[in-house]
Each structure stands twice: as C-alpha cells, then as structure tokens.
2 protein chains.
Amino acid sequence: MANLETFREAKDDFIAQWGALGTNWGISRTMAQVHALLMITPEVLSTDQVMEDLHISRGNAHTNLKELVGWGLVRIVIKKGERKEFFEAEKDVWKIFTIVLRERKRREIDPAVSLLGDCLKRSADVGTKEGEAFHKQMKELSDFAKFAGGVGDKISLLQYTPALKLAAKFLS
Amino acid sequence: MANLETFREAKDDFIAQWGALGTNWGISRTMAQVHALLMITPEVLSTDQVMEDLHISRGNAHTNLKELVGWGLVRIVIKKGERKEFFEAEKDVWKIFTIVLRERKRREIDPAVSLLGDCLKRSADVGTKEGEAFHKQMKELSDFAKFAGGVGDKISLLQYTPALKLAAKFLS
DNA sequence: ATGAACTTTCAGTATATTTTGAAATATGGC
DNA sequence: GCCATATTTCAAAATATACTGAAAGTTCAT
C-alpha cells in the first residue's frame, strides 16, 4: 500500500533512471527524461514547466522537445487564448514501440544495407582467396540485413490487436 | 567485373564505414572496426597485425579484442610453437545476430523491466489522478518490456534452419 | 508600427567517452 | 633464477557529445 511520498519518489526515480537508460538506447539522457516526464503527466506541459521540473535550460528543453516531436513521440497542443505551445506524449506503448523501431531501422539497418550492397558489387569476381571470403561475407551480411529490415517494416505495420496481446501473454 | 584495386578499396571502405555504423549501434568505432577486420579476414590475426592494419595503439587493440572475446564474437586461437595469441571472428551471421541480440536485451530491456516493476509496486493505491495515470503507464510499459524481452529470448534460441531461410526470402 | 510574449539558434562551456603510450605484470624457455 | 616475449593496466590527452544562457528571430494583439 503506497502513500503519496513513496509515489513522488517513484516518479522522480522513474524520470531519473529512464534518462540513464536512454543512454543505452542511443538517445541522450535529457531527451529520455523529457519523454519520461511527458509520458507520466496526464496534462500537457509547457517548455517552462519542463525546464523547471527537470532543472534544465531553455535551449535544452526546447531542442529535446522539438526532437521528440520530430520522432512523433510528442505532439504540440495549442490551448485556446494562450500563445504558448504545450506538449503531450504519445502514451500507447505499441505506438511508441513502432515509432522507435522505425527510427532505429532508419539509423542502424538502412545504412548497413546500403554499405553492404555497395561492397558486394565492388568485390565481384576478384579471384583471390581473400576476395572470395570478403565477397561471401558481404553477401551473407547483406542478405541478413535486408531480412532484418524487412521484419522491422512488417512489425511496424502491425496493429496491436487482441491476437498480439495473446501472443504477449505467452511470451512474457 | 571488379579488379584488385577496387577490391582493396571496398575492403577499406567496409572497415571504415562499419566502424562509423558501430557508433549508431552503441559500440565504439574501434570495436566495430576490429570486428569488421576480423570478419573479412580468413586467417587469424595477432594483436600486432590488428594494430598495424587499423593504425591504433596496442592498448586500444588489446582492450577491444578482449571485449569482443567477452561478447563471444571473437575467439582466441593458439598456434603451435608460438607464444602469441591470435584472434578469429565468428563469421556465421545468425550467430552474430543472436549474440548481439542477447547483449542488447541485457543492456536495454532487462534494466527497464526491473525499473518498471519497481515503480509499478511503489505506485499501487496512491489514490490521486496523477497516481492512477502513473500506475497505469508503468503497468503498460512493464508488460510490454517483458513481452519484448520474451520475444528476444525466444529468437536467440532459434536455429537458422531452412524454414527461417525461407521466411527471410519473403521478407527481404 | 510597437512591444510583449514566445521560440529558435548557437558560440562557448562542461561532461563523457575513447585512445594513447608507456609502465607494470605475467608467462615460458632455458 | 634470468631473460625475452607477451599481456594487461591506467593516467593523461584527445575527441565527441550534450548543455547553458543569452542574443536573435518570430508572432500577434493593440
């Protein structure tokens, strides 16, 4: 039975540690913290509120909020009669997941596919032992990278249907 | 029809650019380059050969080779009558993939599961609007993270069978 | 057109990560 | 035990990344 105090602590811990995790995920600590804060806040927040809550500068808050908007993880909300922009996070975990998946594919898989395809072409018919080995490895890496990219694309198009929820039950 | 010159260039490009990609993958440029070099070299290499090929210091070569050994992506080979250690990379792409998948799950998913489970417990029965929202979000993120971890575990146990190769055909 | 409210940019600073190079430690043959 | 060879460690330097704060730019009501 948790009380208000432990809840507040849990909230702060979540933001702090989600930020630390962000590092492992290839995004900056602050971006992950801003995302964490917005995810657990039912109301929309202004840049100033984010600055104050996380103790970060205006420039930093601004840059990261806009980057999150660029990813599609955060939306801009305009309140009637107010000039300020407010921000709200996408809270549906499956949507968050597909957005992150798409971005990671774009940054991690696509450039690899392109590099490998290029090296594959340039190493055709070299006719030495080293050349053969290189070409073979490029072929296998290339095929696999395309496969992985294809899987990513297929997954990110899936809806989070009851069937998927059932699958989740068996796997978690 | 590629000649020896374009092959050599392709090899160098592969190492250089695979290193740059490593950055996006959360490993250091040098580690990715050492891995690239070993992946495309049929023979085993000594620390000195790696140093020379990549123009890096002994300490750097040593640290990264041992880290790759730690991951299981590189094996130590002892030649008869030689005191030096030699190194060879795992070249099977599916094995490489499952090793990387396991490591990423350990670094990216497991800590998140632990954090989320913790926050979930600590936010039970808070009884405010904010508390409710937080608890609900923790529950959904937690369930999803466990699901993702489970999928990762299942995949890393799969063999790269003909059936999987067929699936790859359709998806690539 | 003015000015207040708000957003954006960016040079400089701070922080974090990676690399070097040399010293310390270990190993094996004699 | 001694020497040569090889491995490991780590403090200092180099590099890469992130953050600040203030100035510049934009928007909108009057």
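Labels below follow one simple rule: chain letters A, B, ... track the order of the sequence lines, proteins then strands, and each chain is numbered from 1.
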Rounding to an integer number of Å, can you tell me how far [X] [atom1] sits from [N] [atom2]?
X       : N      : atom1 : atom2 : answer
A:Ile76 : C:dC6  : CD1   : P     : 15 Å
A:Ile78 : D:dC28 : CD1   : P     : 10 Å
A:Lys79 : C:dA5  : NZ    : C1'   : 16 Å
A:Met51 : D:dC19 : CE    : C1'   : 12 Å

Might you confirm whether atom CD of A:Glu52 has over 12 heavy atoms from other residues, nucleotides or ligands at distances under 6.0 Å? no

Would you mind reporting whether B:Val126 and B:Phe134 have side-chain heavy atoms less than 4.5 Å apart? no

Is any side-chain heavy atom of A:Phe87 closer than 4.5 Å to one of A:Leu38? yes

Under a 4.0 Å heavy-atom cutoff, the residues of residues 21-37 of chain A touching DNA chain D are A:Ser28, A:Thr30

Set of side chain to side chain contact (heavy atoms under 4.5 Å, CB included) partners for A:Leu101, sequence neighbours left out: A:Phe97, A:Ile155, A:Ser156

What N/O pairs connect the protein and nucleotides 5-9 of chain D at under 3.5 Å? Give each pair on its own line.
residue, atom, partner, partner atom, Å
D:dT5, O2, B:Arg83, NH2, 3.0
D:dT7, OP1, B:Glu85, N, 2.9
D:dT8, OP1, B:Lys66, NZ, 3.2
D:dT8, OP2, B:His62, ND1, 3.2
D:dT8, OP2, B:His62, NE2, 3.3
D:dT8, OP2, B:Lys66, NZ, 2.5

Under 3.5 Å: donor-acceptor pair, side chain of [X], backbone of [Y]:
X       : Y       : value
B:Asn64 : B:Asn60 : yes
A:Thr63 : A:Gly59 : yes
B:Trp71 : B:Lys66 : no
B:Glu82 : B:Lys79 : no

